[in-house]
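Beneath this line is the structure, given in structure tokens, with notes to follow.
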Amino acid sequence: MPILELQPLNKRDYQVRLGHTEADTDLASNSQSTVLRMSVEQMFSVNFYLESERIACLRFESLSSLNNLELNPIYKLREESLDHPLVAADAAPLRLAAIEHYLAYTNGKLVGHDKLISPAQAADQSL
């Protein structure tokens, strides 16, 4: 199911509404949606929850010192688990939403595919 809405709850948590769009005409009901909570936890993880069950996560690793407040931290995506049946089909948009949220939360940059991705670039890629 694609992401229909990202709603900030606080700096750390977002509500993610997944559902079908009006273009999905072969579905019985276009109003079906699932609500997940996306949360930054333990400084290096972004987890997705369905009610209280963790169904997906991304883990990051710091590549720079977190003690230097003058420089934005640099991270890399160390591990991801987006294989739960509810999110597996649309893992790419959820991955980008989690990366965007994490970079905004940490004011950091992500090393990936031989380039740095800033929060603004992550936002451009997710929309």
Hydrophobic cluster identity match, Ile3 and Leu9, side-chain contacts under 4.5 Å: no

Glu61/Phe44 under side chain to side chain contact (heavy atoms under 4.5 Å, CB included): CA gap, chis, key distance, verdict: CA-CA 7 Å; Glu61 179 180 340; Phe44 296 110; over 6 Å; no

Minimum heavy-atom distance between Leu77 and Arg59, given as atom pair plus value: CD1-O, 3.5 Å

Nearest-0.5 Å distance, NZ of residue Lys109 to CG of residue Leu71: 9.5 Å

Closest non-hydrogen atom pair, Leu4 against Gly19: CD1-CA, 3.5 Å

Shortest non-hydrogen separation from Lys11 to Tyr105 and the atoms involved: O-CD1, 3.5 Å

Parallel, tilted or perpendicular: ring planes of Tyr75 versus Phe60, cut at 30 and 60 degrees: perpendicular

No-hydrogen, no-angle side-chain donor-acceptor test under 3.5 Å, Tyr14 and Glu100: no

Glu51 CD to Leu36 CG distance, which is reported to the nearest 0.5 Å: 10.5 Å

Joint hydrophobic cluster, Leu82 plus Val35, side-chain heavy atoms closer than 4.5 Å: no

Under 3.5 Å: donor-acceptor pair, side chain of Ser65, backbone of Asn67: yes

Between CD on residue Glu80 and CG on residue Leu94, distance to nearest 0.5 Å: 10.5 Å

CE on Met38 to CD on Gln15, rounded to 0.5 Å: 11.0 Å

Nearest heavy-atom neighbours spanning Leu18 and Leu86: CD1-O, 4.5 Å

Nearest-0.5 Å distance that lies between atom OH in Tyr102 and atom CE in Met43: 5.0 Å

Considering all heavy atoms, the nearest Thr34-Leu50 contact: CG2-CD1, 3.7 Å

Test item: Ser64 side-chain N/O and Ile74 main-chain N/O as donor-acceptor pair under 3.5 Å: yes

Point-to-point distance, once rounded to the nearest 0.5 Å, from SG of Cys57 to NE2 of His84: 12.5 Å

Nearest heavy atoms of Pro73 and Thr106, plus distance in Å: CG-O, 3.7 Å

